[in-house]
Every structure is written in C-alpha cells, then in structure tokens.
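What you see is a predicted model; the values in this text were computed from it and never measured. First the proteins, then the strands, lettered A, B, ... as listed; each starts at 1.
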Amino acid sequence: MLKLKSLDDFRTLQDRLQTGRDPDIPTIVIPAGTCGQASGASDIIRVAKREILAKELTGKVKLRITGCHGFCQIEPSVLIEPARTVYPNVGLREMALIVEAVAKGEVLTDLLMKDPQTGEQIEKQDDLPFFSKQVRTLLDRNEKVDPIRVYNYLEHGGYSSLAKALGKRSPAWVIEQVKDSGLRGRGGAGFPTGLKWEMLAKQPNGQEKFLVCNADEGDPGAYMDRSVLEGNPHSIIEGMLIGAYGTGSTHGVIYVRNEYPLAIKHLVIALRQASELNLLGKNILGTGFSFDIQIVRGAGAFVCGEETALIRSIEGKMGEPRQRPPFPIQKGIDGKPTAINNVETWANIPVIIDSEAEAFAKTGTKNNSGTKIFSLVGKIRNTGLVEVPMGITIKEIVYDIGGGPSGKAEIKAVQTGGPSGGCIPADKFDLAVDYDSLTEAGSIMGSGGMIVMDENTCMVDVAKYFMHFLKDESCGKCYTCRKGTQRMYEILDDISAGKGTPEHLDLLEELAVVVRDTTMCGLGQTAPNPVLSTLRYFRDEYLEHIENKRCPAGVCKELIHYSINENCVGCQACVKACPEDAITGEKKQPHTIDAAKCIKCGACRSVCKFEAVDVT
Amino acid sequence: MINLVINGLNVSVEDGSTVLEAARFLGFPIPTLCHVDGLSPYGACRLCVVEIGQGPRAKLVSSCTYPAEEGLKVRTASARVVRARKMILELLLASCPQSKTIQDLAAAHDVRQQRFKQEYEDCILCGLCVRMCEEQMMAKAIGFRGRGEKRSIGTPFDIKSDECRLCGGCMYICPACQLRCTYNEPENAICGGCANLSPPCIEKDQFDDMMCYLDPCVACEIQKDK
C-alpha cells in the first residue's frame, strides 16, 4: 500500500479516490455485521456475488458488504444505492431476483416493506418510520463504508478530520473544539470529554500517556459499540489519533471483549491498513507526531468495563476496581496518566473536528449535545439500533421509531442503562432522554440499552434477573456488593416464589440503600438501581406478590397456574406440545391441564391459535 | 502536611496518609476487619466507611483506602455511617456467625437482629491472608480466584503450592476462620504440613519445626476427642 509521507500526499490520495468514484453506478449494499450474518447475510452475499458474475454484471452493478445498519427486525436486508430502495428479510431466491432488477434499474414491488398500519408499500429506506425520525451521524457511515477497505473510508472523508487537526491547527485547538462541542462521555456517566482531555493534556509532558477505548460492552441487550466497531473501525482509530494529538498521548489501547470476534477482526485489519498508510505509528503523515494503538482482549468480566478494573486488566492483573482518587487521569496504566473513553465517544470525535464544535452542539439540547445510539429491544415492534438527538422523549423513541408494542399487550415500562439502570414507567414517557433527566428519574443513561417491557413482564422478575446477573458479575471485592447482591437476589427470589412478607420489602429497601452507599466502584453503587426503581414505580406489583400471592403479569412460576378456557376447539396442538403430557382431551373436545404434572413452561400457550390457554 | 477536618476537629497528617490513619491519630474509633497495620490497605469489608463531602454530594468512602486530602471534611459516625455499618455487620453475622471477631463487633455496634437466611460460612474474603502471604511472607502462595458469588481464596487448582512454606501466617491473620485447620482434607489444605507426619504429631519436636500457628495441634486434639 502507498505510504503517505506528508499531508499533501494524503490530500492527493483522497482527491483521487473521491473523483474516481461514480455515485451513479447502482450498488447493492448488504449489511453483514454479526447480527446480519446470524440471520443469513453471508448466504445472500454469496448468491449476489454468483449472480453478478453469472450475468456478467461486473462493473455495472457494485456490491458492498458493510456493518450493521441498525434495523435488526428486517435482516438480512438489502439496500440499493443510489435509489436507496430497501428490501427486508431477503431470502436466497429473492436475492437473485434483486440483482437482476438492479441491473435493469427496476424495483421489485412485491418484496418491499409494508406499513403495518396502512398496508402501503414503502420503497425508500429513509421513508420507513424507523429511519425517518433518526439523526444518523454515526450509523449513517456504517451504510457507506466497507469496514475492511480503508480506501472506502477515505473516499467518504475518512481521516480528513485528522489531517485538518494535524494541518493548520494546534493541540490546544483540538481540546477547545471538543470542550466547546459539549460532548459527554457515551459510556454512561456523561463526564465532559473535553474536560477529561484537558486534564490529561495538563499532566506533565515527557512521560508516557495512554488513551484507552473502552469496548467492553457487557450490558444485556446492548450492542451499539459492537456495531460501530464492526461497521466503522477506522472512525475509532481516527478519533483516538485526534485525541492523542490533542492530549500529547503516546500509546493507545483498544480494550475489546473477546466475545466480539468480528469486531476484533475488523479492528486488526483496520490497524494494519492505517499503519501501512502511515496514518499510525511513528512520524504520522510526516508531521513528527507519533502514536500507536494495540488491542487488548477482555475475558468477559462485566466489571472490567469499570475504568480502574479495566486498567488492571490491561496490566494483566485481576479485573478488580480500586479506590479513586488517584484517578486514572493521574495514575492509570502502569501508573501513567490515562484517559478512557467509550467507543461511541471516540466515533464522535472525527465528526466534531470535521463539522467544528458549534455545528455539532446544534444537535441535541444545551448540556447534552450530539446524538446517542440506543439499542431498542424487548417487547417492541421495530427492534434495532436507533440514533437520536439527545433530548428526544422516550415516547418518540418507543412509539414513533419503535412502532409501539410488538404484541397486543400495552407497553408499561422501559429499562435504560443495563443492570445499573432503572425502569421508567409508561406515564413518564414524556421524559427527555438525556443524562440529567434519566438520573433524576432513578435510572441512568448508561451505554444505551433500552429494553421495552409490556404488561406481560413482571417487574419483580426483572429486578430478580438483573440481580442474578450482578451477583455473578460483581468482582466480589467489596463485601456489601458481593453479599448485598446475593441477598437482594435471595429476597426477590422469595417474593417471586410467594414466600415474601412485608418485612422483606423494608429489608430489601434498607439493604439496597446501604449497597449503593458503601461500595467502591460504579458497579456496586448502581447495582441496587433495578430494585430501587422498580420499588419506586411498581410497588403495587411487589405487594400483589406478597399479599395476594399473585403475579399480575403471569411470569413468576410459583404463583401462576395454567388452565384451558371455553375457546378450546380441541385441535390437540397443545397436547402434542406439552413436554410433560399434562394435557388430556379427545379431538374436538375441550382439553384440560393436569396441574400436578404441569411445569408451567408455557409451551401450550405459545402453540394455541385460539387464545384458549389462560394464565392466572 | 495535609490539613483536614474530622468530626469538626482540625488535624494535620503527613502526605500519603489515609483518612483512617488521620482519624485514629485523633482517637476516633473506626471498626475494621480487612485492615491491619503493615499490610497494604484493600477496602474489602467496607466496615470503615466514613462520610465525606457536603449536601447532596456527601458520600460514604472506605477510610482505609481513601487518601487524606487538603480541606476534606470527614464524619466518622454520622447517622448514615452508623446505619451502613450496622447493615454490614448484619450481613456478616448472617453469613459467618461463628467468628468471635464478628460477634464482638456486632455486639459493640448494637446489632440486635439478623433478618437474612442464616448461612454458616467461614471466609469473608477480606483478603488479609492473601496480603499477608504476599507482602509479609513474600510467598504469594494463595490468591483470589473467580468473581462474584464464586470468588474464593486458595492455591492455583487447589493443589498444595510449592511456594507455601507452611508458615501459618494466613491462619494467624484471619479474622473469621480462626483455628480452622484443614488437616482432615490434606489434599485441599493450604498448609497440611502436619498431615505429612506419620503418625501425626507423635513427635512433638517435629511439630515444633513446622512452626504451626495452631498450638496445641488441632490434629492431636481431634484424635484425643475420638
């Protein structure tokens, strides 16, 4: 690969790439992140390649494999550029037809998305309600860039922010820009990034300084960092390079969890390409600025996302948080000043430098500028990654973008912030999504998980689930966190089994407050949030479990029983589905469930087409 | 020197001191379990929490690990601190009721109830033995393993470590599992030295050579009972 010896070399290359591109050639874009591949993207890519070769369309139709576009519900999907036609849930046979249609410039109307309300067909991706309300500054690039081709990234303006910073500007200008942009850490706590960088820059020079990209994304149901890493690894590298230039850092570390093999693969390729182009390493673009990045793979401990534990893990020690102060900015990796930022924060840096602070700060609200990616999952129609400006209300995300509940049951709450977050009830959906309002409501922004829950979700069960997660994932150092989460789980388990007493609730609340107060790191301090927030907004559900020994959502196994009502037509579907042979009944005669044999697995309910199985 | 205020009293301490040291210098009692002078502070038991900061920013920190900072205002026995300590002791009593150290602390802090399901564990994972082994005995024979609920202390793969010199320092320092000799299960024993004597402890001299902290020998006591 060409070694770029100066900024002029870089600009020449970028100009050549940009002028050499013909945007009018029809391009088939197939998102193939981990999620896409799991739903069959690899197969349709194979078909697309075969069809293009077989029909001799090379040069007439282009194919681009990209990272995840965000709309999980429709994967494997295909996007046609420049028309921006989108085909959902593409099968192998459909793929062959699509290639043919693209070559002829046609649109296959049968395969288009249908609006669930009006039944109208929607052709363009940007007209889908899921996309039209989003502001996609980061995810947009996932569509445009093939993650393993650096020229593709350069073509779309990649590394020009770095060149801009290195060119006429000074490190102080970079920090000033990031500060003025009002960017806050996307990892969850929302510390102003510019301020952090300024503190790092102020540490005495002439020593090693570290920048870390925290890609140890561990919240259940959250995967935006993975998508960005898989889909656009160069943006992280560019962000870190700009950060290093601004703060005078010498080494970079990307701490990524080993469960993201595709992200690691793309990162390794991207790092190699960047060094080959002289965008990384010694004397970058001939400017005398040097910076190198290495990858450290995390071994799957949730707590290693906490910055002091992450540092210890990078040092090769046990992932266990330590007392702050001294903060990592003073004493981090090997005792050297270290600044740690989340993947999404780094991805935002090139955007800020490119558009400059003022333009960036226009998106979002005053103290919460820019966009934030959320992973919208749970009982919602449109599952996927949504990028929205800060300050948007939960209602807009859930109903306008998410399309409302997936089933018949009404949505009752949204859980934000993963295990450290809390549940926000439906009557508070007018709440603006930003760091401060979410904290006030008893939850946190967190890294951006948003789990939607409907009437069939039991809040005691939710709290129990998160406590189970946390009791396994606490590092175990602080006694109150280790034992506190175990005891909270124990109490919740008792309540969900109908053994709870009103005293249990008081004890649970008392314990939760002490755990929050007395633990050392962020994990323990926020661990009681799922309990405290469900107690705050859904106390009546807890009381229902305790006083009436009833689970209103029909989830807690010990408190429910299954029965068959008069809707039963005697189709025998449930009889076949029951793993315990607990259902009896002749054909065309109403069936009955033997409560003694029933293990409450719900198999009968899920196969019944006549809503004849009741849970009470 | 660093000047800070503890319970309204001004105190100056050397750079690098902890809040716990400053408070003890003034004579304010702060209970600890995982702290021993001479071993590095760890902050595992959380009993030594104190309240710092003002108003909504007030928070609890473990005084054994928190560095004394200029102008810091510390309260060692505020209502919030006392409530937290009582809950921690209640948790400790619920899990390790047999430790005399924990019983005494609970009594001293007026803990009169235990509302959790009773467990009978020994180890509270305070890490004193790990630090004793590493920092004072220079052996690093034992360490922490696992995380969360599955965290435990022991040698790698539960095999007797070649680094272990059978000094008994780990048992000496332990606040919870005092006098716990694992002679009965020599293959799992951290020490297990006496199990190599055959028959155990018949030669008192040999037992003395092992410098076992458990004097009289627990193995002999067990035999005597039979």
Side-chain angles (χ1 to χ4, degrees), chain A residues 299-304 309 317-327 330-331 467-491 493-494 499 501 503-504 506-508 510-521 523-525 527, chain B residues 16 18-19 33-34 40-51 58-69 72 80-92 94-96 113-117 119 121 124-127 130 143-153 176:
Chain A
F302 178 68
V303 71
C304 286
K317 297 175 189 150
M318 197 167 183
E320 199 172 77
R322 63 156 173 79
Q323 177 74 51
R324 298 181 305 174
F327 289 93
Q330 300 150 331
K331 278 190 174 151
M467 232 16 86
H468 186 270
F469 179 85
L470 287 164
K471 86 181 164 69
D472 286 345
E473 289 301 336
S474 151
C475 81
K477 177 178 175 173
C478 292
Y479 189 75
T480 42
C481 176
R482 186 182 74 246
K483 213 74 212 184
T485 49
Q486 282 176 41
R487 294 299 194 177
M488 280 192 276
Y489 173 77
E490 195 177 276
I491 295 171
D493 196 38
D494 274 356
K499 292 181 225 154
T501 59
E503 290 77 44
H504 269 125
D506 300 337
L507 181 61
L508 187 64
E510 207 179 308
L511 177 62
V513 171
V514 169
V515 171
R516 186 179 63 192
D517 270 1
T518 59
T519 46
M520 188 180 275
C521 80
L523 188 148
Q525 283 161 8
Chain B
T18 62
V19 171
L33 259 181
C34 73
S40 59
Y42 189 57
C45 73
R46 315 310 290 173
L47 262 182
C48 69
V49 285
V50 294
E51 194 174 3
K59 59 175 182 179
L60 301 189
V61 296
S62 53
S63 58
C64 68
T65 55
Y66 203 86
E69 289 171 333
L72 196 69
R80 196 171 165 194
V81 169
V82 171
R83 203 173 332 130
R85 274 187 201 145
K86 284 178 99 161
M87 178 55 85
I88 296 169
L89 284 165
E90 197 177 329
L91 282 169
L92 283 163
S95 296
C96 312
Q113 54 181 352
Q114 193 290 95
R115 292 165 287 177
F116 301 98
K117 279 187 191 155
E119 291 173 347
E121 292 173 0
I124 57 166
L125 300 175
C126 66
V130 175
F144 285 106
R145 306 166 304 184
R147 64 172 178 271
E149 210 180 10
K150 297 196 183 74
R151 189 174 164 102
S152 64
I153 293 175

Taking the side chain from B/R83 and the backbone from A/V514, do they hold a donor-acceptor pair closer than 3.5 Å? no
Distance from [X] atom [atom1] to [Y] atom [atom2], nearest 0.5 Å?
{"X": "B/R115", "Y": "A/L508", "atom1": "CZ", "atom2": "CG", "result": "11.0 Å"}
{"X": "B/K150", "Y": "A/R482", "atom1": "NZ", "atom2": "CZ", "result": "13.5 Å"}
{"X": "B/Y42", "Y": "A/R322", "atom1": "OH", "atom2": "CZ", "result": "13.5 Å"}

Where on [X] is there a heavy atom nearer than 4.5 Å to chain A: the side chain, the backbone, both, or neither?
{"X": "B/E69", "answer": "side chain"}
{"X": "B/L92", "answer": "both"}
{"X": "B/R151", "answer": "side chain"}
{"X": "B/R85", "answer": "neither"}

What I want to find out is whether B/K117 reaches A/D494 closely enough, with some N-O distance under 4.0 Å, to be called a salt bridge. yes
Which one of A/Q525, A/M520, A/E473 has the most heavy-atom pairs closer than 4.5 Å to chain B? A/M520
Who wins among A/Q486, A/H504, A/E503 for the most heavy-atom pairs under 4.5 Å with chain B? A/Q486
Check [X] against [Y] and note the closest heavy-atom contact, atom names and distance.
{"X": "B/Y66", "Y": "A/P325", "answer": "CE1-CD, 3.6 Å"}
{"X": "A/M318", "Y": "B/G146", "answer": "CE-O, 3.2 Å"}
{"X": "B/E149", "Y": "A/D472", "answer": "OE1-OD1, 3.5 Å"}
{"X": "A/T480", "Y": "B/R46", "answer": "OG1-CG, 3.5 Å"}
{"X": "A/L507", "Y": "B/E90", "answer": "CD1-OE2, 4.4 Å"}

Output all residues satisfying ring-ring contact (aromatic ring centres under 6.0 Å, His included) with A/F302, sequence neighbours left out; order by chain, then residue number. A/F469
Would you say A/L511 and B/F116 make side-chain contact, with heavy atoms under 4.5 Å? yes
Would you say the side chain of A/T518 lies within less than 4.5 Å of the side chain of B/M87, judging by non-hydrogen atoms? no
For A/L470, which atoms come within 4.5 Å of any heavy atom of chain B: side chain, backbone, both, or neither? neither
Select one option (side chain, backbone, both, neither) describing which atoms of A/T485 are under 4.5 Å from chain B's heavy atoms. neither
List in chain and number order the residues that pass side chain to side chain contact (heavy atoms under 4.5 Å, CB included) with B/E119, two or more places apart in sequence or in another chain; answer none if no residue qualifies. A/K483, A/R487, A/E490, B/S95, B/E121
Selection from B/L47, B/L91, B/V49 maximising heavy-atom pairs under 4.5 Å formed with chain A: B/L91
Find the one option among B/A44, B/C126, B/G143 whose heavy-atom pairs under 4.5 Å with chain A are most numerous. B/A44
